[in-house]
Amino acid sequence: MNARFLIRAAVAAAVALAVLPGTAGASSPSRTPVVLFPAFHLTKLQVTVRGQTTDPYCPRSGTFQDWYQNTQASAFSQVCQDELETLRYDPNPAKPMPLRFSEQPGVTVNVIDYGKTDSAPFYETLYKTLESAGYQRDKDIRVAGYDARLTPDQGGFLARAKRLVEQTYHDNGNTPVQLIGHSNGPLYAQYLLTHTSPAWRDTYIHGFTPLAGNFPGQGLLYSVLFTGLNVPDFGYPKTVDNAVSSARMYLTAPSTYMSASDPAVFGDRETVIKDTSTGRAYTPRDWPRLLKDAGLTAEQQIARYYIGFVKFRTPEYFPNVDVTAEKGSGLPTIVGATLPNLTIGQLVEQSQFILASGDSNQEDITNNANRVWSAMKCHSYVLNDNPGVDHFSLPSNNNVLTRLLATLTAPRHHC
């Protein structure tokens with residue numbers, strides 16, 4: 001039997017195997033599908049209220065939506081929305097921490113159009129760019145939205161996100177999926193990647209693109225405990241009532257602490273609160289003293305558990321998939337505030353903010369933290385800087401999107 005015959009036979013066998021039902025080659029190669037993890041409060045939430053008794057001055061029943069850039073008129077004022085979305089916290093140490101949180105009586109909260117691009121309209125430019133390359137919404141572009149008040153160990157996030165990734169993989173010719181996250185979204189994607197097996201990642205994941213991933217947290221969240229922050233425009237409250245309602249909402253939301261700068265990364269490299277009544281300044285390392293001085297006893301329990309909650313810095317918590325990260329830089333960024341005291345619900349002016357260099361939302365310490373992943377042994381890592389591009393413009397920046405399209409067509413690395 002000569003060599004030419006052997007080659008022809010091998011090729012024929014390979015072609016036959018490629019078309020056998022149930023084999024890995026049964027489906028023709030597809031575009032790398034995408035699952036997006038949106039930023040903090042960029043997922044559309046529906047809040048349903050039935051017979052609430054939390055505040056007699058608010059409607060007893062009805063609905064409203066919660067998401068950044070929501071302009072829908074509502075019978076529920078911003079104060080009412082804050083109060084009804086404020087999680088109740090049970091400090092009972094016998095309960096596992098993730099189970100200590102509950103909604104106000106009569107309130108339910110759900111993601112609108114989970115899995116669909118309509119659930120996160122902020123990313124329209126990203127969707128259109130992918131469509132220009134042949135992608136189809138809700139087929140090979142899907143969105144893993146979440147309730148931004150909750151951490152990824154709550155609300156069924158992990159099981160739901162795994163199902164979405166697996167379904168996206170199967171619906172697109174068994175093609176591994178690219179995870180894209182923006183801001184807080186990469187925290188949820190990282191939690192998924194570090195709570196699945198190497199075999200699962202090798203089967204289902206093509207790679208990970210964090211856009212300004214908030215992995216170690218940011219200083220801004222400490223001042224929000226005292227000033228609040230309104231979701232529809234990410235602006236600071238203009239009335240004391242609103243500042244109180246908003247600050248209280250963040251005080252019992254576990255994601256507030258997950259998103260606050262982790263002293264294991266920040267140490268005392270930034271000041272997050274200055275209290276002019278005592279002359280005391282607080283850095284991330286001082287968070288226990290800050291909460292104690294503010295009389296926030298239950299909140300100390302939440303903070304102790306959730307600050308630094310999503311691990312990423314050591315090899316056992318590396319994502320272990322190919323990473324193409326993006327960040328902005330060179331812009332003044334709020335990392336804290338100078339306050340007259342530590343009371344809850346303060347109005348704040350621009351002159352009171354403490355600034356550092358960053359992307360206008362997250363400081364450089366935050367945006368550079370994932371550089372530790374360059375030590376991954378089997379997977380590629382790159383962090384692209386975009387000087388002058390602000391935090392919320394990254395997902396629509398032409399250079400970022402051009403690199404994303406290249407990433408989606410690049411082969412992945414394997415161990």
Side-chain angles (χ1 to χ4, degrees), residues 30-45 67-69 111-148 150 152 155 157-158 160-172 175-193 196 201 204-215 255 310 319 321-328 361 370 384 391-398 400-409:
S30 301
R31 287 178 295 274
T32 298
V34 163
V35 171
L36 170 69
F37 294 75
F40 186 70
H41 283 286
L42 266 61
T43 298
K44 294 172 69 173
L45 299 181
W67 47 284
Y68 174 58
Q69 296 185 336
V111 173
I112 299 172
D113 293 325
Y114 179 80
K116 298 182 178 180
T117 57
D118 283 349
S119 68
F122 180 84
Y123 299 98
E124 188 64 24
T125 300
L126 170 61
Y127 305 146
K128 287 182 176 178
T129 300
L130 291 171
E131 286 180 311
S132 71
Y135 281 76
Q136 298 179 47
R137 298 179 192 232
D138 307 333
K139 182 182 183 298
D140 47 14
I141 313 171
R142 296 183 181 176
V143 180
Y146 55 91
D147 184 338
L150 306 179
F157 165 80
L158 183 59
R160 187 167 58 247
K162 281 185 65 178
R163 285 196 301 270
L164 181 64
V165 169
E166 292 170 5
Q167 191 64 54
T168 303
Y169 166 89
H170 290 301
D171 289 349
N172 290 278
T175 307
V177 175
Q178 185 77 14
L179 306 184
I180 303 174
H182 177 217
S183 193
N184 254 33
L187 283 168
Y188 295 80
Q190 169 70 1
Y191 188 86
L192 170 66
L193 291 171
T196 47
R201 293 191 298 271
Y204 294 108
I205 303 300
H206 178 269
F208 180 23
T209 301
L211 309 176
N214 188 24
F215 298 108
S255 67
V310 176
V321 297
D322 292 342
V323 173
T324 307
E326 302 279 350
K327 68 166 187 169
N361 179 263
N370 63 48
N384 296 305
H391 186 83
F392 291 100
S393 296
L394 271 179
S396 59
N397 178 265
N398 185 64
V400 171
L401 293 173
T402 297
R403 285 191 290 268
L404 173 61
L405 292 177
T407 296
L408 294 173
T409 60

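Keep in mind that what you see is a predicted model, and the values were worked out from it rather than measured. Heavy atoms only: backbone and side chains are in, while hydrogens, waters and symmetry mates are out.
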*How would you list all residue pairs meeting side-chain hydrogen bond (donor to acceptor under 3.5 Å, both in side chains) that involve residues 35-44, not counting sequence neighbours?*
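Sorted result for residues 35-44: His41-Asp66.
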Would you call [X] and [Y] a side-chain contact if the rule is heavy atoms closer than 4.5 Å?
X      : Y      : value
Tyr135 : Ile141 : yes
Asp171 : Lys139 : no
Pro186 : Phe215 : yes
Leu179 : Val177 : yes

_Set of residues satisfying side chain to side chain contact (heavy atoms under 4.5 Å, CB included) with respect to Val400, sequence neighbours excluded_ =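 Val400 satisfies side chain to side chain contact (heavy atoms under 4.5 Å, CB included) with Leu211, Glu326, Asn386, Leu394, Asn397, Arg403 once adjacent residues are dropped.
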_Going by the rule ring-ring contact (aromatic ring centres under 6.0 Å, His included), which residues pair with Tyr188 if we only count those two or more places apart in sequence or in a different chain?_
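Partners of Tyr188 by the ring-ring contact (aromatic ring centres under 6.0 Å, His included) criterion, ordered by chain and then number, come out as Tyr146, Phe157.
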Compile the donor-acceptor pairs under 3.5 Å between side chains in residues 122-129 and protein atoms, sequence neighbours left out, one pair per line.
| unit_1 | atom_1 | unit_2 | atom_2 | d |
| --- | --- | --- | --- | --- |
| Tyr123 | OH | Ala39 | N | 3.0 |
| Tyr123 | OH | His182 | ND1 | 2.8 |
| Glu124 | OE1 | Arg137 | NH1 | 3.2 |
| Glu124 | OE2 | Arg137 | NH1 | 3.4 |
| Glu124 | OE2 | Arg137 | NH2 | 2.5 |
| Tyr127 | OH | Ala120 | O | 2.8 |
| Thr129 | OG1 | Thr125 | O | 2.9 |

*Under 3.5 Å, is there a donor-acceptor pair between the side chain of Thr196 and the main chain of Leu192?*
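It does hold such a pair.
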List for me each residue that meets side-chain hydrogen bond (donor to acceptor under 3.5 Å, both in side chains) alongside [X], sequence neighbours excluded, and say none if there are none.
X      : answer
Thr402 : none
Glu166 : Trp200
Asp140 : Arg31
Asp113 : none

*Got a sec, which residues hit salt bridge (Lys or Arg N to Asp or Glu O under 4.0 Å) with Asp138, two or more places apart in sequence or on another chain?*
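In terms of salt bridge (Lys or Arg N to Asp or Glu O under 4.0 Å), with neighbours along the sequence ignored, Asp138 is linked to no residue.
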*Side chains of Lys327 and Asn384: do they bring a donor and an acceptor to under 3.5 Å?*
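No donor-acceptor contact under 3.5 Å links the two side chains.
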